[in-house]
A.B. asks: 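Provided herewith is a single structure, encoded as structure tokens, for subsequent inquiry.
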Amino acid sequence: RSAIEGNIFADWEIVSGLNLRSTLGASLINNRFQNFQEAFSYGTLRNPNATLSQNMFNQENYTANFTLTYGRAFGRHDIKAMVGYEAYRE
């Protein structure tokens with residue numbers, strides 16, 4: 001079995017008070033299974049053929065997040081807003 005997972009992000013201040021944050025993530029998994037069944041004969045129980053089976057499984061997951069935030073102060077008042085988007089692929 002092998003797996004690798006990771007995330008990366010970037011944060012930009014577009015103009016004063018307006019920020020864009022982008023996060024990207026990935027998860028990659030590879031599995032391999034093997035099974036060997038010997039031939040046997042125990043009286044009435046028997047398996048005359050030996051078998052070897054192998055299965056492989058690969059999985060990929062991707063995530064992307066984007067958030068845009070705005071914050072500004074007007075005297076004693078603060079305004080804050082956030083908009084976000086997320087995409088996920090399996």
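Side chains are part of it too, since the values below use all heavy atoms of this structure and drop only hydrogens, waters and symmetry mates.
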A.B. asks: Using a cut-off of 6.0 Å, state whether more than 12 heavy atoms not belonging to Tyr42 lie near its atom OH.
C.D. replies: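 12 or below, so no.
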A.B. asks: Taking atom CG of Asp78 and atom CZ of Arg72, what is their separation to the nearest 0.5 Å?
C.D. replies: 11.5 Å
A.B. asks: If you count heavy atoms of other groups shown closer than 6.0 angstrom to CZ of Phe9, is the number above 12?
C.D. replies: no
A.B. asks: Could you measure the distance from the OG1 atom of Thr23 to the CD atom of Glu86? Nearest 0.5 Å is fine.
C.D. replies: 9.5 Å
A.B. asks: Grab the two heavy atoms, one from Pro48 and one from Ala39, that are nearest each other, plus how far apart they are.
C.D. replies: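 Here Pro48 and Ala39 meet closest at O-CB, 3.7 Å.
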A.B. asks: Flag yes if more than 12 heavy atoms outside Leu52 fall under 6.0 Å of its CG atom; otherwise flag no.
C.D. replies: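 Result for CG/Leu52: enclosed.
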A.B. asks: Please round to the nearest 0.5 Å and tell me the distance separating atom CZ of Phe66 and atom CG of Leu20.
C.D. replies: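 If we round to the nearest 0.5 Å, Phe66:CZ and Leu20:CG are 8.0 Å apart.
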A.B. asks: Within the 4.5 Å heavy-atom criterion, are Thr69 and Lys80 side-chain neighbours or not?
C.D. replies: no
A.B. asks: Can you confirm whether the side chains of Glu60 and Tyr62 place a donor and an acceptor under 3.5 Å from each other?
C.D. replies: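 Yes, Tyr62 and Glu60 have a side-chain donor paired with an acceptor closer than 3.5 Å.
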A.B. asks: Is the number of heavy atoms from other residues, nucleotides or ligands under 6.0 Å of Gln34 CD greater than 12?
C.D. replies: yes
A.B. asks: Kindly check if the number of other-residue, nucleotide or ligand heavy atoms within 6.0 Å of CD1 (Ile4) is above 12?
C.D. replies: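 No - once you tally the heavy atoms of other residues, nucleotides and ligands closer than 6.0 Å, there are 12 at most.
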A.B. asks: Which heavy atom of Tyr88 sits nearest to which heavy atom of Thr63, and what is that distance?
C.D. replies: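 Nearest heavy atoms, Tyr88 then Thr63: CD1-OG1, 3.2 Å.
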A.B. asks: For Ile29 and Ala3, which heavy atoms make the closest approach, and how far apart are they?
C.D. replies: CG1-CB, 4.0 Å
A.B. asks: Are Tyr70 and Leu68 co-members of a hydrophobic cluster defined by side-chain heavy atoms under 4.5 Å apart?
C.D. replies: yes
A.B. asks: Kindly work out whether a path of hydrophobic side-chain contacts (I/L/V/M/F/W/Y, heavy atoms less than 4.5 Å apart) joins Val15 to Trp12.
C.D. replies: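 Yes: a chain of side-chain contacts under 4.5 Å links Val15 to Trp12.
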A.B. asks: Taking all non-hydrogen atoms of both residues, which atom of Arg46 and which atom of Ser41 are closest, and how far apart?
C.D. replies: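 Scanning both residues, the minimum pair turns out to be CB-CA, 3.9 Å.
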A.B. asks: Evaluate whether atom OH of Tyr85 has more than 12 neighbouring non-hydrogen atoms of other residues, nucleotides or ligands under 6.0 angstrom away.
C.D. replies: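 No - once you tally the heavy atoms of other residues, nucleotides and ligands closer than 6.0 Å, there are 12 at most.
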A.B. asks: Could you state the interatomic distance from OG1 (Thr51) to CG (Asn35), rounded to the nearest 0.5 Å?
C.D. replies: 6.5 Å
A.B. asks: Does the side chain of Gln59 reach to within under 4.5 Å of the side chain of Asn61, using non-hydrogen atoms?
C.D. replies: yes
A.B. asks: Nearest 0.5 Å please: distance from the OG1 atom of Thr67 over to the CZ atom of Arg21.
C.D. replies: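 So the gap between those two atoms works out to 7.0 Å.
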